[in-house]
Engineer: 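Structure provided below as structure tokens; questions to follow.
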Amino acid sequence: MPRRLPDTPDVDTPTRGPARVERIVARVRSIPEGFVRTYGDIDPGAPRLVGHVLATTDLDLPWHRVVRADGSAPVGRRQLDLLRREGVPMRAGRVDLSVARLPG
DNA sequence: GGTCTGACGGACA
DNA sequence: ATGTCCGCCAGAC
């Protein structure tokens, strides 16, 4: 008898290990100026991992284009300024996701 | 091996 | 709106 069953295959077959981090980096990198993506959009299976990556990486990424699911900015005013400068629409101090959120 | 912690998200009170 | 709880994954001890 196997000591454990194989992971349930799902539609998404998330990558595991360092490859997953690479995928996150790639997705952040691909956010065009003037748009944002949420942590959950970048990695639905592990949004916190996205934060972990952004907080520890030394790569030059458009980190300011990653916001929370409600459009608020985890890093604060500095981040909002950067976004405003790119013309990202705001509403009540948060990003207006209905307009700025990148599809997919 | 185990335990904790992130720039989170969703459910629920 | 505000706060709690739990799940998620990789990395650092």
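Protein chains get the first letters and strands the later ones, always in sequence-line order, with residue 1 at the start of each.
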Engineer: Using whole Å, what does the distance between atom C1' of nucleotide B/dA7 and atom CG of A/Leu82 come to?
Structural biologist: 14 Å
Engineer: Mind listing the residues from residues 53-62 of chain A sitting with a heavy atom below 4.0 Å of DNA chain B? Number order is fine.
Structural biologist: A/Leu54, A/Ala55
Engineer: Output the rounded distance in Å from NE2 (A/His52) to C1' (B/dA7).
Structural biologist: 12 Å
Engineer: A/Met90 and A/Val66: same hydrophobic cluster, using ILVMFWY side-chain contacts below 4.5 Å?
Structural biologist: no
Engineer: Do A/Trp63 and A/Gln79 have side-chain heavy atoms sitting under 4.5 Å apart?
Structural biologist: yes
Engineer: If you measure from the Lys or Arg side-chain nitrogens to the Asp or Glu carboxylate oxygens, is any gap between A/Asp81 and A/Arg84 under 4.0 Å?
Structural biologist: yes
Engineer: Using the rule that two of Ile, Leu, Val, Met, Phe, Trp, Tyr join whenever any of their side-chain heavy atoms come within less than 4.5 Å, decide whether A/Val28 and A/Val36 are in one cluster.
Structural biologist: no
Engineer: Please give the distance between the C1' atoms of B/dA7 and C/dC13 as a whole number of Å.
Structural biologist: 22 Å
Engineer: Between A/Leu102 and A/Pro32, is any pair of side-chain heavy atoms under 4.5 Å apart?
Structural biologist: yes
Engineer: Any heavy-atom pair between the side chains of A/Thr15 and A/Glu22 that's under 4.5 Å?
Structural biologist: no
Engineer: Which letter, B, S or -, goes with each nucleotide of nucleotides 8-13 of chain B from 5' to 3', with contact meaning a protein heavy atom under 4.0 Å?
Structural biologist: BSS---
Engineer: Classify A/Gly76 by what it touches in the nucleic acid, base, sugar-phosphate, or nothing, heavy-atom distance under 4.0 Å.
Structural biologist: nothing
Engineer: Under the side-chain hydrogen bond (donor to acceptor under 3.5 Å, both in side chains) test, which residues partner A/Thr57, sequence neighbours left out?
Structural biologist: none
